[in-house]
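Structure record follows, encoded as structure tokens.
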Amino acid sequence: IWAWKEQYEKRILGQLRDLGASCDWDRTRFTLDDRCATAVREAFLRLFQKGLVRRGKRLVNWDTFLQTAVSDDEVFHEQVKGHFWHIRYEVIDPQPGEPTSVTVATTRPETLLGDTAVAVHPSPALALDAAAAALREKRAAAAAKEQPEIDAAIDDLAARRRDLLPHLETLAAMAKAGRHVRLPLLGRAIPLVADEWAKPEMGSGCVKITPAHDPNDYDVGRRRGLPMLNILNPEGTLNAEAGPYQGLTIRKAREKVVADLETAGQLQQVEDRLIELAHSDRSKTPIEPYLADQWFIRMDELAQPALDAVAQGRIRIVPERYAKSYLDWLSEKRDWPVSRQLWWGHRIPIWHVAGVSEADLAKSFAGRDTVAWRSDEAGGWFVCSSEESLGTESVAGQPLVRDPDVLDTWFSSALWPHSTLGWPAATAELETFYPTAALVTSRDILTLWVARMVIMGVFDTGEIPFHEVYIHPKILDRYGETMSKSKGNGVDPVDVIDSLGADALRFALAGMATETQDVRMPVDFQCPACGHLVEQTVQNRVKPRIDCPKCGKPFRTQWANAAADLDLPRGPAVSEKFEAGRNFSNKLWNATRFVLMNLEGSTPGPLAAMGEVSSLPLEDQWLLSRLASVTRNATRAIADYKFAELARELYAFAWDDYCSAYLELCKARLAEPAHRERAQAMLLLGLDTILRLLHPIMPFVTEEIWQHLHAAAGGRRMPWDDPSSPLAESLMVARWPVPPEAWIDQATETRFGTFLAVVSAIREIRARQNVPPKTRVTAAVRASAETAALLEPMRAAIESMAVADLAALGPTASAPPSAATASAAGCEVFVDLAGLVDVAAEIARLLKENEKTEGFLTAKRQKLANESFVSRAPEAVIAKERAQLAELEDKLSKGRAALDDLRRRQAPA
RNA sequence: GGGCGAUUAGCUCAGUUGGUUAGAGCACCAGCUCGACAAGCUGGGGGUCAUAGGUUCGAGUCCUAUAUCGCCCACCA
């Protein structure tokens with residue numbers, strides 16, 4: 001929304017400026033009256049009444065075309081051709097041996113009308129030495145070809161030291177003695193001051209000081225207690241301070257000042273040079289630094305409770321490291337400038353009235369606690385009120401004139417937690433929902449927004465506004481830059497929703513929400529004609545239309561505005577990042593189709609009565625164990641704001657465990673009437689649980705599936721559902737799963753892992769021997785008696801999943817005469833390929849495999865031979881290493897035997 | 001100038017209190033349309049964990065320095 005608003009604003013203002021229009025803010029400004037306006041006025045009045053609102057001065061970036069201050073991020077710098085004017089200021093009553101004038105150089109000669117001092121460095125010799133030392137250091141570190149340039153600079157400094165230093169020393173002494181110079185053209189006497197801002201290594205070593213129109217000069221002015229003269233009117237003409245130049249525009253004034261200096265003989269030199277000039281992003285007009293009266297909120301008292309809330313842990317910031325920047329920033333207790341010169345916003349509820357006494361005010365507003373006032377220290381009064389209609393009143397015949405400024409957008413935002421609940425009225429919502437639970441936001445507004453919400457929440461209600469603050473990562477573009485309105489590198493989420501779905505978007509975003517990392521998201525434009533992906537680059541990302549490099553047809557982008565562009569088909573900005581989410585939705589949908597298809601003819605009821613877990617088949621015990629541990633991990637991930645972990649855990653469980661393993665196993669069971677019912681129940685249990693766990697990050701597809709399940713299996717109950725009430729109408733209000741911890745069994749998961757490894761080993765042999773998928777093979781598994789015993793019940797499953805007949809399973813199982821081998825989880829797997837086997841390929845693979853095993857074995861032996869490892873490492877670690885060593889030795893000997901076997905077989909051929 | 005963070009596969013990212021052979025998705029290679037799913041299935045290749053030191057039996061993980069990048073703040077940290 002922000003980006004769009006900016007685009008419109010820029011376009012409109014740019015066109016106005018091109019037409020030579022001027023801007024009258026009093027007519028364009030309007031006040032915002034939303035449900036928060038009352039809260040804003042009330043909160044401001046309370047601050048005013050407590051003496052926490054003050055009037056003060058501030059140097060702002062002034063846009064003379066818009067007649068408004070712009071914030072730092074609305075400023076861009078551009079090199080322009082300009083001049084450097086060297087101007088002579090005469091010294092008043094020079095003593096013998098003193099110079100009669102000083103020379104300063106400026107790119108903005110008209111600002112001399114606002115000069116209130118000329119500065120020289122207090123100790124020029126030291127400053128020159130420091131500069132020379134810095135250059136020598138730089139020379140030592142610099143590459144050879146840069147050195148001549150640095151040498152020249154060092155020589156220049158030496159020359160300055162010789163020729164200019166005595167002069168500068170004299171000036172520094174004069175500054176300390178309180179001498180003055182005469183301001184050209186206006187004739188005012190201004191002091192010569194000593195300040196480090198004047199650089200002896202640059203120019204004449206002297207610098208003019210215009211505190212009201214230059215940030216550095218403003219600092220000097222504050223340090224030296226200089227007067228600050230604003231010589232500009234808001235629209236960029238000179239004001240009465242400029243004397244004879246009053247009423248001229250800056251440009252005209254500059255021409256006239258230069259001409260007059262020339263006439264007066266005070267212009268010594270004019271240099272051409274390129275100048276880095278700040279421009280307003282909104283109007284493209286050069287920025288004028290401008291000293292303006294602003295409203296401030298005093299922070300000294302207000303900040304402390306907000307500081308304490310985080311320091312004492314009543315507000316928890318996640319990730320924790322951000323608490324530091326919050327505390328550091330608040331502890332400065334810097335006053336908050338709240339007035340803004342914008343064309344929309346909440347208008348400051350302060351009116352000004354002059355020519356009345358305090359008694360008049362007291363009489364006019366007698367008995368009204370909605371009005372407060374304070375002297376403006378110039379004979380008038382500032383009146384603050386929570387009543388919007390105050391401006392229609394008058395005091396002793398004098399009008400109340402409202403302050404033209406609006407409040408900083410963060411002022412109303414600071415009230416958000418309580419104003420949206422109805423404050424200042426004591427509503428039921430406020431009572432029920434305040435303080436809120438968690439605030440989720442981006443780290444760059446931690447101070448701007450979060451800290452101020454805490455401050456204002458505590459000030460207005462006496463309570464902190466929330467207990468936890470979650471700072472989420474930011475998405476960057478392919479170059480690692482923050483997506484921003486001015487760069488135009490944003491992605492419209494609606495494009496993603498249109499092409500891949502809202503769940504794909506949300507799932508992918510959750511997957512990106514890791515604790516530390518900001519995420520790069522390369523984006524492409526998708527050609528609507530041919531589907532070709534056009535990489536979004538710095539060049540094309542701000543264009544309203546792009547010609548597809550493949551099919552040549554043009555399409556429009558999100559920036560299209562002209563009628564001709566708007567007629568083109570839209571080329572959405574897409575990213576493959578979201579495809580995994582779309583594919584996952586699809587996978588869930590298809591798995592559901594399988595379950596529904598196999599539920600036909602059954603009417604599932606409560607699933608609680610499944611009997612002793614230990615009496616269930618291995619795969620069912622395994623599913624329950626996985627279900628319980630995944631649920632536990634997912635629940636914890638949500639509580640800890642670890643959304644990426646949540647997404648990964650559920651993706652892996654649903655796809656690999658539920659679909660690839662369990663669902664495949666069920667195909668055989670569903671075909672047998674004796675096992676069908678239990679398989680149906682277990683499939684439902686798994687799917688239902690997955691839906692509930694996924695719902696927070698994939699709300700739409702899970703709800704849709706839930707509704708379908710309602711039709712087919714509305715009578716089902718999970719063990720954690722209330723058996724006496726009907727199943728939840730919507731997934732949104734269904735109970736979060738709470739499987740018993742007792743379901744979790746590590747031994748079961750390990751055993752099931754062995755089974756999967758055996759299946760995988762047979763499949764691997766098939767793949768590398770290019771056995772067609774439907775061709776049945778004969779396999780044998782040599783395993784310890786213990787392993788064989790637990791694999792025996794899975795025999796049918798192995799056979800169906802690996803498309804194999806298991807000829808032998810046990811410690812004595814032997815390799816068929818012509819076999820390919822593989823090892824899996826301590827078992828040896830043989831596949832009889834009778835004549836089909838590619839012996840040469842098998843030998844090559846075994847050689848490679850054995851070599852790899854030997855490598856590990858050598859490393860392992862060395863480790864265990866290392867005296868310091870064996871004596872210092874924990875017992876468990878050493879035992880583990882020994883077990884691995886034994887396993888590797890076993891694997892190698894089997895590998896070598898298989899190799900010998902194959903070589904013998906190959907020899908006769 | 002101050003502070004915070006990052007650097008791991010071609011790309012985008014995980015990696016728990018230091019302990020098996022560092023993982024995922026996409027991309028890549030080979031083979032597959034079997035009644036859930038080609039947006040899929042099965043298998044595979046691919047990494048000196050930015051660089052240099054240090055601590056440790058053991059470092060992607062801890063410490064120091066360097067380089068590069070990002071962000072916030074800047075008269076006051």
Start at the 5' end of RNA chain B and walk down; is the nucleotide closest to A:Arg443 or to A:Arg222 reached first? A:Arg443
Using the ring centroid of each side chain, check whether A:Phe643 and A:Tyr470 are separated by less than 6.0 Å. yes
Selected nucleotide, minimal atom distance to A:Trp655 side chain, candidates B:C69, B:C41, B:A39: B:C41
Could you list all N or O pairs between the protein and nucleotides 15-17 of chain B that sit under 3.5 Å apart?
none

Counting any heavy atom closer than 4.0 Å, what does A:Lys667 reach on the DNA or RNA strands: base, sugar-phosphate only, or nothing? base
Whole-angstrom distance between B:A6 and B:A14, as gauged at atom P: 10 Å
Whether A:Lys333 contacts B:C76 is assessed here as follows: a side-chain N or O lying under 4.0 Å from the phosphate OP1 or OP2. Is that the case? no
Sticking with atom P, work out how far B:A22 lies from B:C72, rounded to a whole angstrom. 38 Å
Hey, is the side chain of A:Trp589 poking within less than 4.0 Å of OP1 or OP2 on B:G40, counting only N and O atoms? no
May I ask you to evaluate whether A:Lys577 reaches the phosphate of B:U12, defined as a side-chain N or O under 4.0 Å from OP1 or OP2? no
Separation between the P atoms of B:A9 and B:C49, rounded to whole Å: 10 Å
A:Trp706 side chain to A:Asp688 side chain, donor-acceptor N/O pair below 3.5 angstrom: no
I'd like to know if A:Lys587 reaches the base of B:C37 with its side chain such that a donor and an acceptor end up less than 3.5 angstrom apart. yes
Using a 4.0 Å heavy-atom cut-off across all strands, classify A:Glu764 as base, sugar-phosphate, or nothing. sugar-phosphate
So A:Arg321, base contact, sugar-phosphate only, or nothing? Heavy-atom distance under 4.0 Å. sugar-phosphate
Taking only side-chain nitrogens and oxygens of A:Ser760, does any of them come within less than 4.0 Å of OP1 or OP2 of B:G43? yes
Strictly below 4.0 Å: does A:Asn598 bring a side-chain N or O up to OP1 or OP2 of B:A36? no
Looking at every strand, decide which applies to A:Lys474 at a 4.0 Å heavy-atom threshold: base, sugar-phosphate, or nothing. nothing
Of the options B:C4, B:A36, B:G25, whose atoms approach the side-chain atoms of A:Lys324 most closely? B:C4
May I ask you to say what A:Ala591 touches in the nucleic acid, namely base, sugar-phosphate or nothing, with a heavy-atom cut-off under 4.0 Å? base
